[in-house]
Amino acid sequence: MMADGSVRAVLFDMEGTLVSFEWRLEEGEAELRRGYEALAFSPETFATESYSGMWNLALRTPDAPADEAALHLALDPVYDRYDLDALSRWQLRDGASETLEALGRAGLHVGLVSNIGRRALSAGIEDLGIRPWFDLVLSRDDVRFMKPDGDGLRRALDILEVEPAEALFVGDSRTDVAAARDAGVAVAIIAGGESTREALAAAPPDHYLASLSEITGLLGV
Ligand SMILES: [Mg+2]
């Protein structure tokens with residue numbers, strides 16, 4: 001169904017999808033939970049939330065103890081520090097450069113929609129040599145809500161003037177599947193990233209691929 005030329009834009013997640021998954025998740029989420037608690041958000045409310053779920057929930061909390069500006073001031077440095085730590089270990093996943101190049105050469109829009117902040121994301125795509133293949137790069141700093149919200153994907157489609165039905169999102173996690181569903185975009189998950197196939201069973205993606213190299217075949221380009 002995707003190989004019929006209906007797809008005009010392919011949007012990618014960064015960490016775990018185009019590069020190895022390196023974020024120190026457990027340590028980072030524990031530190032963030034303490035950060036939200038220090039702003040007087042209830043730790044119980046955040047107990048089961050991911051790093052991005054905490055951010056989205058804080059913004060959506062009625063009569064929140066901290067407004068958006070205060071949240072950025074207190075927590076951006078924490079998110080950025082873990083991003084930059086991950087950046088120091090990122091390696092391109094197999095087929096990343098070749099796939100991005102092939103999609104661009106086939107005339108498709110290629111975009112990046114990441115929960116990583118602008119500083120680490122920009123440095124990462126420059127250092128790894130994949131910056132030239134992107135028409136559009138949206139970091140955490142370019143959206144209000146992080147994935148699993150569809151905010152970033154909707155923003156990307158708006159900018160590229162592409163309908164949700166004309167796009168494919170490529171990611172590696174449950175968070176990516178949820179963001180794609182929220183934005184009404186088809187989603188492919190690449191094995192070997194953040195979420196195992198078992199973890200995706202409750203909300204499976206449209207396509208589960210062994211490697212990035214399978215995307216061109218899926219799209220018939
Ligand atoms: Mg990811």
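We use all heavy atoms of the structure for the numbers below, so side chains are in, but hydrogens, waters and symmetry mates are not. Just follow the structure's listing: the first ligand is 1, and inside any ligand the first atom is 1.
- Alongside L138, the hydrophobic cluster contains L11, V113, L136, L153, L157, I159, L160, V162, F169, V177, V185, V187, I189, L200, Y208 (criterion: ILVMFWY side chains under 4.5 Å).
- A tilted orientation is assigned to the rings of W23 and Y79, their planes being inclined by 30° to 60°.
- Using a 4.0 Å cut-off between a side-chain N of Lys or Arg and a carboxylate O of Asp or Glu, D83 and R119 do not qualify as a salt bridge.
- In this structure, D135 places its CG atom where more than 12 heavy-atom neighbours from other residues, nucleotides or ligands lie under 6.0 Å away.
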### Message
The test is salt bridge (charged side-chain N to carboxylate O under 4.0 Å, His left out); show your working for R144 and E68 and say whether it passes.
### Response
CA-CA 9 Å; R144 180 141 192 257; E68 194 163 345; 2.8 Å; yes
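- For the Mg ion (ligand 1), the nearby protein N/O/S atoms, meaning those under 2.8 Å, are D13 OD2, E15 O, D172 OD1.
- Each of D80, D142, D141 was evaluated against R118; a single residue qualifies, D142, per the side chain to side chain donor-acceptor pair (under 3.5 Å) test.
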